[in-house]
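Read the structure below first, then the notes.
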Protein chains: 2
Amino acid sequence: MTSRRPTMRDVAVLAGVSPATVSRVVNDERYIRPETRYAVERAITELGFHRNELARGLRPGQTTETVALLIEDPANPFWSGVTRGAEETARRHQHMLVVGSTGQRFEQERDLLRDLVRRRVDGLLVTPTAHDHVDLHAELARWAPMVFIDRVPQGVPADSVVLDNYGGAREAVAHLTAQGRRRIGYIGGDPAVFTGADRLAGYRRAVEDAGLGYDPVLVSLDNHTVEAARAAATALLDGPAAADAIFADNNRICVGVLHAVAGRDEVGVAGFDDLELVDLLPRPVPLVTYDTVELGRRAAELLFGRIAGETGPTTQVLLPTRLVLRGGRGR
Amino acid sequence: MTSRRPTMRDVAVLAGVSPATVSRVVNDERYIRPETRYAVERAITELGFHRNELARGLRPGQTTETVALLIEDPANPFWSGVTRGAEETARRHQHMLVVGSTGQRFEQERDLLRDLVRRRVDGLLVTPTAHDHVDLHAELARWAPMVFIDRVPQGVPADSVVLDNYGGAREAVAHLTAQGRRRIGYIGGDPAVFTGADRLAGYRRAVEDAGLGYDPVLVSLDNHTVEAARAAATALLDGPAAADAIFADNNRICVGVLHAVAGRDEVGVAGFDDLELVDLLPRPVPLVTYDTVELGRRAAELLFGRIAGETGPTTQVLLPTRLVLRGGRGR
DNA sequence: ACGTTCTCTGATTACGTTCTCATACAGCTC
DNA sequence: GAGCTGTATGAGAACGTAATCAGAGAACGT
């Protein structure tokens, strides 16, 4: 089926010219006789020749026209939005995008990064996993520009783009306090992840701004499933914490919370991340939304800036969030 | 910042050996004195050497350990699921995954495919765009094995994995007829896409199986937005068509339909694709669900089979769908 | 008629790696 | 001690392309 691939030499022989001339035709250089060009093009079509980009990239100073994106999980809507923004931007810069998923495992991130550097990608868009190997990114950033997405490891001087987790959570919780809620529960996931800590801080600030005081009894962490979030919400509402509203740290948790409060319209609910069908719920739900595609796009733009040779100080982009009021049949 | 990369020659000079010996150490071959190995490893660490995989892949018979996935839109949950399945499988086979998005544009698909062949990817996972250029895939399949996902172009002998669009739609609509619905509307998107035609055929079959007869008045096509679907649903219900149930061709359309029927519990609704928050609606909604990750996985497995040299006849995998009953506060 | 510039093409080399071949020495066996 | 086998290393070629160098012929101006 897949026979030996024709090379420029094969094309040259068939066209009766030298390999150098074939190269000239393929690269559309000046000073080629029309008949020569035609003969070469005929030979290319006949053999089905495709220039070997590997050999081309081997030449000094050449680039692979490839950038890589390391994310946690391509199937998660957050990351798939980022992927789209990055892919779109890469294509606009005539680059291919290689996608790798870390699954939050450090070894996988490390192996992928090394492999990508070996493959001579022109740049790296990286979501670092939570780990304490401070040297990995610094070591590899010597060989390819790196831009961090969503999380920023300490001690590595590189550009980064992150969401305004703090501001978003603060705004949403402030919305609840403005409604007169006095005991607002917080249901979060893994507290070790960068984003969760910032969102919790935003929650705390909003609660304190409202003069309510931060009560640890109202905070439930380490809820990793929809079911866990549901149970945690029920516990906060019916237990001694006596919450009258709940802020959900992310979309999965929000789904659990919404299950828990179904039919209890007196309870206020707000959450981080968008949820499509919330529109149809009878209850109004303020949600902290943002543009993940833009996140990927901005990161990629920063990367291509570095690839193009920009040497200025590192940039930290804080992508704004927007509070939208969903639900309540209001559409 | 990114200085010249060290080569095996640099490592060899520093370690006081020949480049061939460095290569032997890097590839972990036999017959190397422990002291030699150590000296080379020291030099590698000191220089931060990373083998150039491009040069390696240039050698005859070598592969790039890279496969490509061409999808419509990485941000769409359907495609992001496929991406995850493909990435996961590629990694299990020690391959990198390059992702390209076609945006349903033929020129983009063509350019991406050509570029990928030039880059010598080991295989291609392709969602063909709707077009009539029959030769493109056949031409390129000469150089790299190809597996089609979700849609199958005519006339190209290659493996493919598609959803059971026909069976899924038929089952969902049969569910509605079994409830005693007599006038079931169909709201679809672009009728030119492969999947839509199959789903419409499944709808038709189910309607006819129930002895209801196919009535074109009940069929609305070319609804590309949530709002259009909503309007179309309202028109079918309140207009002369007098529908008493509606089948939505995809998830976006289903959202529109659900908006249209909010508060009208007598109307039946079913749809293709899953919708997370449907659980919370008071109305029960049968949905045709499937495993997109599995779709990507199966396609990638077929591809790696071909890469490994399998030469049997082409395989057509029809991935089953599953009707789930969501909503109705049943959970 | 002669030098100069422009057009066109080929020969050769370099890129970084791996592979083949060659070499050399150690420890065997007969 | 001659011949073998196993261990350890180096020299050099090859992969497919592009860049440099070189040269040949044509067109041009003086």
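Chain identifiers are assigned alphabetically (A, B, ...) following the order of the sequence lines, protein sequences preceding nucleic acid strands; residue numbering begins at 1 within each chain. What you see below is based on every heavy atom in this structure, not just the backbone, and it leaves out hydrogens, waters and symmetry mates.
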Check the side chains of [Y] and [X] for a donor-acceptor pair under 3.5 angstrom, ignoring hydrogens and angles.
X: A:T64; Y: A:D122; result: yes
X: A:N52; Y: A:R5; result: no
X: A:E87; Y: B:S101; result: yes
X: B:R120; Y: B:T66; result: no
X: A:H133; Y: A:E139; result: no

Worksheet item: What residues in residues 41-59 of chain A put a non-hydrogen atom under 4.0 Å from any atom of DNA chain C?
Response: A:L58, A:R59

Practice prompt. Check DNA chain C against residues 111-123 of chain B and give the residues with a non-hydrogen atom under 4.0 Å, in numerical order.
Written response: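 Going residue by residue through residues 111-123 of chain B, none turns out to have a heavy atom under 4.0 Å of DNA chain C.
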
Worksheet item: A:R118 and A:R114: side chain to side chain contact (heavy atoms under 4.5 Å, CB included), yes or no, with the steps?
Response: CA-CA 6 Å; A:R118 283 198 249 276; A:R114 290 205 179 135; 4.0 Å; yes

Worksheet item: What do you reckon, is CZ of A:R92 surrounded by more than 12 foreign heavy atoms closer than 6.0 Å?
Response: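 Result for CZ/A:R92: enclosed.
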
Worksheet item: B:H93 and B:H95: aromatic ring centres closer than 6.0 Å?
Response: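 Distance test on ring centres: not under 6.0 Å, no.
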
Worksheet item: Taking all atoms of both residues into account, what is the closest heavy-atom pair of A:H137 and A:H131, and its distance?
Response: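 Scanning both residues completely, I find the closest heavy atoms to be CE1-NE2, 3.6 Å.
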
In whole Å, I'd like the distance from the [atom1] atom of [X] to the [atom2] atom of [N].
X: B:Q62; N: C:dG16; atom1: CD; atom2: P; result: 18 Å
X: B:R5; N: C:dT17; atom1: CZ; atom2: P; result: 11 Å
X: B:M8; N: D:dA14; atom1: CE; atom2: C1'; result: 16 Å

Worksheet item: Which dot-bracket string fits DNA chain D when only Watson-Crick or G-U wobble pairs with both atom distances under 3.5 Å count, crossing pairs get [ ], and | stands for a partner on a different strand?
Response: ||||||||||||||||||||||||||||||

Output side-chain donor-acceptor pairs under 3.5 Å for residues 153-160 of chain A, partner residues at least two apart or in another chain, one line each.
| unit_1 | atom_1 | unit_2 | atom_2 | d |
| --- | --- | --- | --- | --- |
| A:D159 | OD1 | A:R306 | NH2 | 2.9 |
| A:D159 | OD1 | A:T315 | N | 2.7 |
| A:D159 | OD2 | A:R306 | NE | 2.8 |
| A:D159 | OD2 | A:R306 | NH2 | 3.4 |
| A:S160 | OG | A:Q316 | OE1 | 2.4 |

Enumerate all atom pairs, one protein N or O and one N or O from nucleotides 5-11 of chain D, separated by less than 3.5 Å.
| unit_1 | atom_1 | unit_2 | atom_2 | d |
| --- | --- | --- | --- | --- |
| D:dT7 | OP2 | B:Y31 | OH | 2.7 |
| D:dT9 | OP1 | B:R33 | NE | 3.1 |
| D:dT9 | OP1 | B:R33 | NH2 | 3.3 |
| D:dT9 | OP1 | B:T36 | OG1 | 2.3 |
| D:dT9 | OP2 | B:R33 | N | 2.9 |
| D:dG10 | OP1 | B:S18 | N | 3.4 |
| D:dG10 | OP2 | B:S18 | N | 2.9 |
| D:dG10 | OP2 | B:S18 | OG | 2.9 |
| D:dG10 | OP2 | B:T21 | OG1 | 2.5 |
| D:dG10 | N7 | B:R24 | NH2 | 2.7 |

Discussion item. Counting C-beta onward and ignoring hydrogens, is there a side-chain heavy-atom pair between A:I149 and A:L295 closer than 4.5 Å?
Written reply: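 A side-chain contact exists here, since the closest heavy-atom pair is under 4.5 Å.
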
Worksheet item: Of A:V121, A:L303, A:L124, which is the lone residue that meets side-chain contact (heavy atoms from CB on, under 4.5 Å) with A:V67?
Response: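 That would be A:L303; it is the only one of A:V121, A:L303, A:L124 passing the side-chain contact (heavy atoms from CB on, under 4.5 Å) with A:V67.
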
Practice prompt. Using a heavy-atom cut-off of under 4.0 Å over every strand shown, decide if A:T7 touches base, sugar-phosphate, or nothing.
Written response: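 Sugar-phosphate contact only - A:T7 comes under 4.0 Å of backbone atoms but never of a base.
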
In residues 70-85 of chain B, what donor-acceptor pairs under 3.5 Å come from side-chain atoms, sequence neighbours left out?
| unit_1 | atom_1 | unit_2 | atom_2 | d |
| --- | --- | --- | --- | --- |
| B:E72 | OE1 | B:R151 | NH2 | 2.6 |
| B:D73 | OD1 | A:R84 | NH1 | 3.4 |
| B:D73 | OD1 | B:A75 | N | 2.9 |
| B:D73 | OD2 | A:R84 | NH1 | 3.0 |
| B:N76 | OD1 | B:F78 | N | 2.7 |
| B:S80 | OG | B:N76 | O | 3.4 |
| B:S80 | OG | B:P77 | O | 3.1 |
| B:T83 | OG1 | B:W79 | O | 2.7 |
| B:R84 | NH1 | A:D73 | OD1 | 3.4 |
| B:R84 | NH1 | A:D73 | OD2 | 3.1 |

